[in-house]
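Being a predicted model, the structure only gives us computed values, none of them experimental. Residue numbers begin at 1 in each chain, while the letters A, B, ... track the order of the sequences.
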Protein chains: 2
Amino acid sequence: MDVGELLRTEGYRLTPQRQMVWNALRAADGHLTAEQIHDEVTRIAPAINLASVYRSLSLLAQLGLVKEVQLGEGMGRWEVNHPDDKFHLVCRVCGRVDHHPGDLVERVRAHLSGEHNFSPEGIDLVVHGVCARCSPAQVAD
Amino acid sequence: MDVGELLRTEGYRLTPQRQMVWNALRAADGHLTAEQIHDEVTRIAPAINLASVYRSLSLLAQLGLVKEVQLGEGMGRWEVNHPDDKFHLVCRVCGRVDHHPGDLVERVRAHLSGEHNFSPEGIDLVVHGVCARCSPAQVAD
DNA sequence: GTATATGCAAAGTCTTTGCATCGTT
DNA sequence: AACGATGCAAAGACTTTGCATATAC
């Protein structure tokens with residue numbers, strides 16, 4: 001995927017800021033707050049303004065390249081918009097966020113369009129709980 | 001459910017403000033922003049402070065009576081915490097939010113605890129799309 | 001060269017908090 | 001009387017916006 005080309009096709013410009021926000025998100029494989037993206041980018045390049053990070057994220061979202069996920073109270077995170085809907089497992093103990101690759105989201109989609117006359121466009125499934133490595137049964141490993 | 005009794009059991013007091021926040025949420029059957037709850041309460045009673053609404057909601061949430069759901073960007077809503085997990089259908093067109101009563105959430109839970117060593121504690125499933133009454137196929141009703 | 005994007009700072013929105021006062025037990 | 005809760009206003013966190021300058025094309 002060439003971001004620059006896509007941007008230009010839509011009449012936008014490829015700036016270093018946009019490139020770096022995009023790169024940071026891809027490198028991290030998701031789950032970053034706007035602030036974390038800003039830190040990550042600034043760690044590499046001289047300086048980039050937080051406002052520009054927000055603007056870049058909005059634009060990339062509008063182009064369908066990234067999306068924001070609400071993992072809970074004050075947990076707005078940004079990630080690369082993978083075509084195959086995954087869902088999120090948020091561990092209450094270690095705070096880790098994992099993508100779950102199953103077909104659950106697909107099944108939800110099928111269930112809804114089939115029976116209920118609701119046309120699903122976006123499905124957000126967030127599960128809070130305790131992950132395997134933080135679960136008591138696993139402590140003795 | 002007697003809120004007053006539960007509050008007192010836990011060492012808190014039943015104040016008119018708390019009572020009215022609780023009543024407003026029950027009457028609306030959910031999906032209210034803090035501001036909407038405030039408006040609703042103030043419409044009936046002389047005056048209640050927004051800060052008190054937030055404090056009441058936090059307390060009720062702590063007691064497990066209500067919970068906050070993130071329906072998307074800037075859409076934090078409060079609702080009565082029903083024991084049976086429902087999920088939310090948010091219509092992009094009319095903005096209506098419906099509870100979906102199916103067993104999908106239960107199935108997600110079973111799926112996760114069975115196969116994946118992740119102990120789910122809370123499952124938030126939010127579906128954005130177009131509801132039956134806003135769907136093109138239904139316009140000719 | 002020109003229109004777009006950035007940086008900076010200010011404003012906006014939503015939520016929380018400190019503190020004096022009020023009300024319940 | 002004592003402790004907790006409220007109201008008010010100020011502060012906080014996060015995000016957006018106006019405007020002058022810089023830059024991609």
(message) What is the distance, to the nearest angstrom, from the OH atom on Y54(B) to the C1' atom on dC8(D)?
(response) 16 Å
(message) Whole angstroms only, please: what is the CZ-C1' distance between R77(B) and dT15(C)?
(response) 16 Å
(message) Is the shortest side-chain heavy-atom distance between V126(A) and V126(B) below 4.5 Å?
(response) no
(request) Mind listing the closest non-hydrogen atom pair of C94(B) and C91(B) along with its distance? (result) N-SG, 3.5 Å
(message) Pick the closest DNA chain C nucleotide for L50(B) and for R8(B) by heavy atoms, then say which residue is nearer the 5' end.
(response) L50(B)
(request) Starting at atom CG of L59(A), determine the distance to atom P of dA5(C), rounded to an integer number of angstrom. (result) 7 Å
(request) Indicate, yes or no, whether a donor-acceptor pair under 3.5 Å links the base of dG7(D) to the side chain of R55(B). (result) yes
(message) Starting the side chain at C-beta, find the nucleotide from dA24(D), dG7(C), dT6(D) nearest to P16(A).
(response) dA24(D)
(message) Strictly below 4.0 Å: does T15(A) bring a side-chain N or O up to OP1 or OP2 of dT6(C)?
(response) yes
(message) Assess the residue pair H88(B) and L125(B) against the criterion (side chain to side chain contact (heavy atoms under 4.5 Å, CB included)); give the C-alpha distance rounded to whole Å, side-chain angles, the decisive distance to 0.1 Å, and a yes or no.
(response) CA-CA 6 Å; H88(B) 299 87; L125(B) 178 51; over 6 Å; no
(request) Indicate yes or no: does R8(A) engage E5(A) in a salt bridge with an N to O separation below 4.0 Å. (result) no
(request) Select from N49(A) and R13(A) the residue whose nearest nucleotide in DNA chain D is closer to the 5' end of that strand. (result) N49(A)
(request) Measure from CD on E35(B) to P on dG12(C) and round the result to the nearest Å. (result) 16 Å
(message) Just the rounded figure in Å: distance from P of dT13(C) to CD of Q36(B).
(response) 16 Å
(message) Between P on dT16(D) and CD on Q62(A), what's the gap in Å once rounded to a whole number?
(response) 13 Å
(message) With a cut-off of less than 4.0 Å, is there a side-chain N or O of Q17(A) near OP1 or OP2 of dT23(D)?
(response) no
(message) How many whole angstroms separate atom CG of L57(B) from atom C1' of dT17(C)?
(response) 17 Å
(request) Can you tell me the distance, in whole Å, between the OH atom of Y12(B) and the P atom of dT6(D)? (result) 12 Å
(message) Counting only side-chain heavy atoms from C-beta out, which of dA5(D), dC25(D), dT6(C) sits nearest to R18(A)?
(response) dT6(C)
(request) Quick one: label A51(A) by what it contacts on the DNA or RNA (base, sugar-phosphate, nothing), any heavy atom closer than 4.0 Å. (result) base
(request) With rounding to the nearest 0.5 Å, note down the distance linking CZ in R55(A) to CG in L50(A). (result) 10.5 Å
